[in-house]
Amino acid sequence: MPVRLDPRAKLYLLLLSNLTLFLHVSLRAEILLVILLLFLFFLSGKLKSGIRMTIIYSALVGIDFFVIPVAEGLLLNFLSMLSVGIRMMLPCIISGAYAFSTTTVGEMVCGLRKLNVPECIIIPCVTVVRFFPTIAEDYRQIRSAMAFRGIATGNVALLRHPAQSLEYILMPLLMNSNNVAQDLSVAAMTKGISLPGQHTSMIELKMTPFDVLYMLTCTIPFILFLGGVL
Amino acid sequence: MKATNKLTIPDLITIGVFTALYFVLVTIATFGSAFLFPGFNNVVLPAFCALISGCVYMLLAAKLQKFGGISVMGIVMGLFFMTSGHFIISFAGNIVMGIVADLVAKMGNYKSKKGLLASYVLFSYGLFGPVIPMWFMKDAYVANLEARGKDATYIAELFANINMGTFVLAVVLTLICALLGGLFGQKMIKKHFVKAGIV
C-alpha cells in the first residue's frame with residue numbers, strides 16, 4: 001500500500017524547500033533534502049516521476065562537479081545557469097510536483113480548510129485545479145474548428161500572425177470560460193457551497209506520526225546547515 | 001442577481017476560472033520566452049506575459065466590477081507559483097501587486113479605461129516575483145564558480161549582462177508591453193463581449 005502524506009505535511013515540505021532556496025543552503029544539505037523528497041515519490045508508488053527527477057537532479061549535480069571546472073566561455077555561462085540556477089530550483093519543483101501529483105482536490109480543500117484558509121481563497125484555488133483540463137479540451141476543439149476553416153492549420157502558421165492567433169484562440173476560450181463559470185457556480189450552489197456553518201467532509205484528515213516524523217527528518221539537513229555542520 | 005459589493009460564490013468561481021486562464025498564459029509566456037530568447041528569458045518573461053494576457057484581465061475586471069477580484073486573483077496566482085516550484089518572493093509580489101492594482105482600478109470605479117490600464121500595468125509587475133531570483137541568486141552563481149576554481153575577472157565578465165541595466169530594461173519593457181497588451185485586451189473586449197452584451 002502506497003504511503004500517503006497529509007496535505008499539510010506536503011505544504012510544510014514545500015515551504016521548507018522554498019526556504020532552502022531562499023537562504024542558499026549549502027549543496028550537501030540540499031542533496032540530503034532532495035534525497036528525502038525523492039524518497040517520497042517512491043514511497044507513494046510514483047516510480048516513473050521519481051526516477052525522472054532523480055536523473056535530472058543527479059545530472060545537474062554531476063555537471064556542477066565535473067564539467068564546470070573545465071568549461072569555458074559561453075558554454076560555461078550556459079552550464080552554470082543550468083547547474084546552479086535550475087538545480088537550486090529543483091527542491092521546490094520536486095516537492096511541488098509531489099504535492100500536485102499525489103493530492104486529490106478533495107484532500108486539498110479539506111487541508112486548506114483545516115489550515116483556516118478563508119473560503120474566498122479556497123474556492124478560486126479549487127476552481128483553478130478543476131478548470132485546467134477544460135482549458136486543454138477547449139483549446140483542442142478551437143484549433144480543429146480553426147483548421148476546419150483553413151485558419152492556422154499548423155503550429156508554425158499560428159506564429160505567423162500572432163495577434164490574430166491570440167484573438168482567434170483566446171476569445172472563444174474566454175467566451176466558454178464565461179459560460180463554464182456560470183455552470184460551475186450553479187452546480188456548486190446546488191451542492192450547498194454557500195450554506196453558512198460548518199461543512200461536513202468525505203475526507204477526514206489526521207496528522208499521523210509518520211507525517212510528523214517525515215517533517216522532522218526533512219528539517220534535519222536544514223538545521224544542520226544553520227548550525228554550521230553541513 | 002442583486003448587486004452587492006462583497007464577493008459572492010459565483011464571483012469567486014469566475015475568478016478561479018480566469019486565474020486558470022491567466023496561469024496558462026503565464027506558462028505559455030515562460031516557455032515562449034525561454035524558446036525565443038534563451039539566456040534572456042527571465043528579462044522578457046513579465047513583458048511577454050503582459051503582452052498576451054490583457055484580454056483575460058480586462059474581461060475579469062469588466063465582469064466583476066467590485067473590489068477584491070483582482071486581489072484574490074493575485075493571491076491565488078501567488079499560491080500556484082509557489083506550488084509549481086517558484087520562489088517564495090513570487091508569492092509576496094503577486095499579492096502586493098494584486099492588491100495595489102485592485103485599489104487603482106477601484107479609483108476608476110472599474111470603468112475608467114485609463115484606470116484599468118494603469119492597474120493592469122501594476123498587476124503585470126507582480127510577475128517580477130519569479131524573476132527577481134535571477135538578480136538575487138547572482139551571488140550564489142559567483143560563489144559557486146569561485147569554488148570551482150574560476151578566475152574572478154572572468155566571472156565578472158560572464159555576468160556583465162545581469163546587472164541593474166537589464167533590470168531597468170525589464171521594467172521598461174514590461175511597462176510598454178503591459179500598455180500594449182492592456183489596450184489590445186480592451187479593444188478585444190469591446191469588439192467581442194460588449195457588442196454581444198455579455199458585460
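Chain letters run A, B, ... following the sequence lines, proteins first, then strands; residues in each count from 1.
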Region of B/Leu21 in contact with chain A, defined by heavy-atom distances below 4.5 Å:
both
Least distance between heavy atoms, B/Leu7 atom then B/Gly68 atom:
CD1-C, 3.9 Å
Is any side-chain heavy atom of B/Thr14 closer than 4.5 Å to a side-chain heavy atom of A/Leu184?
no
Is a side-chain donor-acceptor pair under 3.5 Å present for A/Arg8 with A/Tyr12?
no
Greatest number of heavy atom pairs closer than 4.5 Å to chain B - which of A/Ile94, A/Ile123, A/Val126:
A/Ile123
Please list, in residue-number order, every residue in residues 98-121 of chain B that has a heavy atom less than 4.5 Å from any heavy atom of chain A; write 'none' if there are none.
none
In terms of heavy-atom contacts, A/Asp6 and A/Asp211 come closest through N-OD1, 3.0 Å
Hey, which residues of residues 103-114 of chain A are touching chain B, say heavy atoms under 4.5 Å apart?
none
Minimum heavy-atom distance between A/Ile142 and A/Tyr168, given as atom pair plus value
CG2-O, 3.9 Å
Pairwise side-chain contact, B/Ile13 with B/Pro10, heavy-atom cut-off 4.5 Å (strictly under):
no
Can you find a heavy atom in the side chain of B/Met97 that is under 4.5 Å from one in the side chain of B/Phe123?
no
Is chain A contacted by the side chain of B/Ile75, its backbone, both, or neither, given a heavy-atom distance below 4.5 Å?
side chain
Let me know if A/Met189 has heavy atoms under 4.5 Å from chain B in its side chain, its backbone, both or neither.
side chain
Is the closest side-chain heavy-atom distance between B/Met77 and B/Val26 below 4.5 Å?
yes
Do A/Thr102 and A/Ser44 pass the side chain to side chain donor-acceptor pair (under 3.5 Å) test, and can you show the C-alpha distance, the side-chain angles, and the key distance before you say yes or no?
CA-CA 8 Å; A/Thr102 54; A/Ser44 58; 5.7 Å; no
Counting heavy-atom pairs under 4.5 Å with chain A, the top scorer among B/Val17, B/Ile9, B/Ile15 is B/Val17
Residues from residues 129-137 of chain A approaching chain B under 4.5 Å (heavy atoms):
A/Val129, A/Phe131, A/Phe132, A/Ile135
Report yes if some heavy atom in the side chain of A/Met146 is under 4.5 Å from a heavy atom in the side chain of A/Ile169; otherwise report no.
yes
If you draw the axis of the six-membered ring of A/Tyr98, does the NZ or CZ of A/Lys10 fall within 45° of it and under 6.0 Å from the ring centre?
yes
Mind listing the closest non-hydrogen atom pair of A/Thr127 and B/Gly16 along with its distance?
CB-CA, 3.8 Å
For a side chain to side chain contact (heavy atoms under 4.5 Å, CB included) check, start with the C-alpha distance between A/Lys46 and A/Phe41, then their side-chain angles and the critical distance, and finish with the verdict.
CA-CA 5 Å; A/Lys46 302 257 168 212; A/Phe41 274 100; 3.9 Å; yes
Chain B shares the most heavy-atom pairs under 4.5 Å, among A/Ala181, A/Ala163, A/Pro162, with A/Ala181
Find out whether B/Lys195 and B/Lys190 are in side-chain contact, i.e. whether some heavy atom of one side chain is under 4.5 Å from a heavy atom of the other.
no
Given side chain to side chain contact (heavy atoms under 4.5 Å, CB included), test A/Leu5 with A/Leu13 step by step and report yes or no.
CA-CA 10 Å; A/Leu5 276 189; A/Leu13 294 182; 3.9 Å; yes
Steps toward side chain to side chain contact (heavy atoms under 4.5 Å, CB included) verdict (A/Met175, B/Phe193)
CA-CA 8 Å; A/Met175 286 276 181; B/Phe193 287 86; 3.8 Å; yes
Closest contact, heavy atoms only, A/Glu30 versus A/Tyr57:
OE2-OH, 2.7 Å
Chain B heavy atoms under 4.5 Å from A/Leu170: which part of the residue, side chain, backbone, both or neither?
side chain
Need one label for A/Leu174: side chain, backbone, both or neither, based on atoms under 4.5 Å from any heavy atom in chain B.
both
Would you check if there is a donor-acceptor pair between the side chains of B/Thr8 and B/Asp11 at a distance under 3.5 Å?
yes
Is the shortest heavy-atom distance from the side chain of A/Cys218 to the side chain of A/Leu33 under 4.5 Å?
yes
Could you tell me which residues in residues 174-187 of chain B have at least one non-hydrogen atom under 4.5 Å from a non-hydrogen atom of chain A, sorted by residue number?
B/Phe184
Establish, yes or no, whether a centroid distance under 6.0 Å links the rings of B/Tyr22 and B/Tyr57.
no
Do you know which two heavy atoms are closest between B/Val76 and A/Cys125, and how far apart they sit?
CG1-SG, 4.0 Å
Do you know which of A/Leu90, A/Ile122, A/Asn178 has the most heavy-atom pairs with chain B at a distance under 4.5 angstrom?
A/Asn178
